[in-house]
Amino acid sequence: MVRRRLRSSTVVLGGMGVLAATLTACGSEPDERCVDPVTYEVLPDYECDGDGDGDGSGSSGRYYYGGRVSGGRVDGGSFDRTAVDSGGFGGSSSGGG
């Protein structure tokens, strides 16, 4: 008896999902979050000034770029947008804080 090998569309579709997630994660702009500059805790957007320069004038938060959030705090990014390499396709985010 000859066994037939069936290709599972689930495997193909699963691979496409991984590819889509990878492309989304390596976008052209770094993540921008409102952060307390002393504690590095993530704040609501209204705590940052609305002009996008991240200088925190007249507010308690500053914009933080890149990195990741763990336990409500950011790590691995920078308050300086130009210091964060956004990478683009196939790239990775990095920077100093």
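- Between V84 and S78, the closest heavy-atom pair is CG2-CB, 3.8 Å.
- Residue F79 holds its CZ atom at 12.5 Å from OH of Y63, rounded to the nearest 0.5 Å.
- Atom CG of D45 is separated from atom SG of C34 by 6.0 Å, given to the nearest 0.5 angstrom.
- Under the side-chain contact (heavy atoms from CB on, under 4.5 Å) criterion, R73 pairs with T39, E41, sequence neighbours left out.
- The nearest pair of heavy atoms linking P37 to G61 is CD-CA, 4.3 Å.
- A heavy-atom distance below 4.5 Å is found between the side chains of L43 and S60.
- For V74, the side-chain contact (heavy atoms from CB on, under 4.5 Å) partners at least two apart in sequence or on another chain are R33, V35, Y40, V42, Y64, V69.
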